[in-house]
Structures are given as C-alpha cells and as structure tokens.
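Heads up, the thing below is written out as structure tokens.
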Amino acid sequence: MNIPHILVVDDEKEITDLVEIYLTQEGYQVTKRYNAFHLIEDIKENEIDLVLLDVMMPEINGIQALKMIREQFHIPVIIVSAKTANQDKIEGLLSGADDYVSKPFNAMELVARVKSQLRRAQVFNKPPVESSQIIQATDLVIDKQKKSVTLDNQPLALTRIEYEILILLASEPGKVFSIEDIFEEIWNEKSNNSNNTIMVHIRKLREKIERQPRNPRHIKTVWGIGYKFDL
C-alpha cells in the first residue's frame, strides 16, 4: 500500500512544522516548502498526492501557484489561508481549489479534510467495474466509465469536484438535491455554511456545460431548496 505524500507550501515555518507533526502522526509522508518557486518539480519528483497551499507568499502567491498546478495536475489542493473573506474563498475555489481552510485552524479538522480529499481522489481514480454507462442530455454526453464529459462531441475540462457534482445530479434526473445533500455527498462530511462553496462550483459547472449559463437547460435551481438536473 502506497503512503500518501503531502506537499505543504507555506512561508510560515511554524505552520509547516505543526502541520507536519499532525500529518506524520496519521502515517502520511510530508514534504515542506516555504515558497512555490519549484512547485511543479516538487509535485512531479515526489509523486505528490495532495497539496496544502498558503495564499500570502512572496513572489508567487497561492492563487498563482494553484493555477500552475491546475495546468498540469488534478491532485487535490486545499488552500490554508489567513484570508477569510467570502470573496477570497470564492476566488480560491474558482481557481481550482478542492477545499479552503481558514487560519487559525483546528489541526484535527485539517487532518480530517486531508483524509476526505484523499479518499475522494482514490475513489475517483479507481478503474471502472461496470460496462459503459452513458448519460445523454441532448448534446451533453457523460461517460461514467471513461469519466469524460463532452458537449457537441468536444471534451470539457471539468475539475474533479465539478465532475462529481455533475454525476450526482445527472444520475438521478429530476431529483432535487439540497445544498447540504450535495456537500455531504461530495465532501463526506457534515455541511457547515457550505452555500458559497456549492454555489461557486455550480456556477463554474454551468459555465462549462450550459450554452446559456444564466438560463441553464440542465442544472436548474429549485429556489429555497437546491438544484436538480434536467435531461
């Protein structure tokens, strides 16, 4: 069994040392960096499974680093930042983060979020056990076996979370999922002020799969409740 390897990037040594202590106690391998200068090389050379990324770093900030990661990798990235405003969280999620943890953080909560993201990544990367499973909604085609989504036969680049939300909704057309349902199903943990998180991912998903994101055909808002998928 491979030991998950986690890259912690934060210019505060006390933070990286604390995170290392808790993660190594859980059996994870940890590499620490105090800037993002060699981020891509670190991920490739160390076969990194998950990145914990600070935002406010010199030269290359966390959002810039996150975009660099997303150009080449689909591994989970959790932003750990002292920037706690909703807009900062939204920017992080829109840039491709899988989760956002505010400083100061509870160390055990951070470990739980790491475990959750690694578990989801493991499930996502499992080879399919069933024959081809196709969901077709007019010109939108979801192939659950290949984990691919196309629109007009053109492949769409979805993040893992966007894909999982789409599969959740599209697998049961017409069923209304509350924001809490979606969060708990995708993140495998209890919902806690998750409205912004889900809304951001839904908005990005609509921009990719809908011809008119402001007037969606497929992902419909059920006001006061949540979302549903229409074929």
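Everything quoted here is computed from the prediction, not taken from an experiment.
- Distance CD1/Ile43 to CG/Leu39: 4.0 Å, rounded to 0.5 Å.
- To the nearest 0.5 Å, the span separating CE on Met199 from OH on Tyr227 amounts to 5.5 Å.
- The main-chain N or O of Ile186 is found under 3.5 Å from a side-chain atom of Arg120 such that the two form a donor-acceptor pair.
- Between Asp54 and Ser81 the shortest heavy-atom distance is OD1-CA, 4.0 Å.
- A salt bridge links Arg113 with Glu109: at least one charged nitrogen is closer than 4.0 Å to a carboxylate oxygen.
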Checklist entry - Stepwise, does the side chain to side chain contact (heavy atoms under 4.5 Å, CB included) test hold for Val141 with Ile134? => result CA-CA 7 Å; Val141 179; Ile134 305 294; 3.8 Å; yes
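- In this structure, Gln29 CD and Glu20 CD are separated by 10.5 Å, a value rounded to the nearest 0.5 Å.
- Without hydrogens or angle criteria, Gln117 side chain to Arg119 main chain gives no donor-acceptor distance under 3.5 Å.
- Remark: the backbone N or O of Asn215 is not paired with any side-chain donor or acceptor of Glu210 at under 3.5 angstrom.
- Under the 4.0 Å criterion applied to side-chain N and carboxylate O atoms, Lys83 and Glu91 are not assigned as salt-bridge partners.
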Next on the checklist: The test is side chain to side chain contact (heavy atoms under 4.5 Å, CB included); show your working for Ile79 and Ile63 and say whether it passes.
Outcome noted: CA-CA 9 Å; Ile79 288 180; Ile63 299 300; 4.1 Å; yes
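- In this structure, the side chain of Thr24 engages the main chain of Ile21 through a donor-acceptor pair within 3.5 Å.
- Of the charged side-chain nitrogens involved, at least one lies within less than 4.0 Å of a carboxylate oxygen, so that Lys103 and Asp10 count as a salt-bridged pair.
- Judged purely by atom type and a 3.5 angstrom limit, Gln64 uses its side chain to pair as donor or acceptor with the backbone of Asn61.
- Transitive grouping of hydrophobic side chains (ILVMFWY, heavy atoms separated by less than 4.5 Å) brings Ile202 and Leu158 into a common cluster.
- We find the OG1-CZ distance between Thr138 and Arg211 to be 7.5 Å, quoted to the nearest 0.5 Å.
- More than 12 heavy atoms of other residues, nucleotides or ligands lie within 6.0 Å of CD in Glu26, so this atom counts as buried by the packing criterion.
- Side-chain contact between Asp88 and Val55: absent, with no pair of heavy atoms (C-beta onward) separated by less than 4.5 Å.
- Counting only heavy atoms from C-beta outward, the side chains of Ile40 and Gln72 approach each other to under 4.5 Å.
- Of the listed residues (Lys208, Lys204, Arg206, His201), just one forms a side-chain hydrogen bond (donor to acceptor under 3.5 Å, both in side chains) with Glu162, and that residue is Lys208.
- A distance of 9.0 Å separates CZ in Arg217 from CD1 in Ile209, rounded to the nearest 0.5 Å.
- Other residues, nucleotides and ligands place no more than 12 heavy atoms under 6.0 Å from the OH atom of Tyr22.
- Within 6.0 Å of CD on Glu47 lie no more than 12 heavy atoms contributed by other residues, nucleotides or ligands.
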Checklist entry - Can Trp187 and Glu164 be said to form a side chain to side chain contact (heavy atoms under 4.5 Å, CB included), step by step? => result CA-CA 10 Å; Trp187 274 265; Glu164 290 180 1; over 6 Å; no
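- Checked for salt-bridge contact, Asp98 and Arg70 meet the test: a charged N lies under 4.0 Å from a carboxylate O.
- In terms of heavy-atom proximity, Ile60 sits nearest to Met57 at O-CB, 3.7 Å.
- Under the 4.5 Å side-chain heavy-atom criterion for Ile, Leu, Val, Met, Phe, Trp and Tyr, Leu52 and Tyr100 are members of distinct hydrophobic clusters.
- Here the CG atom belonging to Asp42 is positioned 13.5 Å from the NZ atom belonging to Lys32, to the nearest 0.5 angstrom.
- For Asp152, the CG atom sits in a packed shell: over 12 heavy atoms of surrounding residues, nucleotides or ligands are nearer than 6.0 Å.
- Note: the hydrophobic cluster containing Ile219 also contains Ile142 (ILVMFWY, side chain heavy atoms under 4.5 Å, direct or indirect links).
- The cluster map of Ile, Leu, Val, Met, Phe, Trp and Tyr, joined by side-chain heavy atoms under 4.5 Å apart, puts Leu50 and Leu66 in different clusters.
- For Arg160 (side chain) and His74 (main-chain N/O), a donor-acceptor pair under 3.5 Å exists by modelled atom type.
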Item to check | CA sep, side-chain torsions, deciding dist, call: Ile48, Phe73, side chain to side chain contact (heavy atoms under 4.5 Å, CB included) | outcome: CA-CA 10 Å; Ile48 296 299; Phe73 306 102; over 6 Å; no
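- A 4.5 Å side-chain heavy-atom check between Asp139 and Leu151 finds at least one atom pair inside the cut-off.
- Put simply, Leu140 and Leu168 are part of the same group of oily side chains (I, L, V, M, F, W, Y) that touch within less than 4.5 Å, one to the next.
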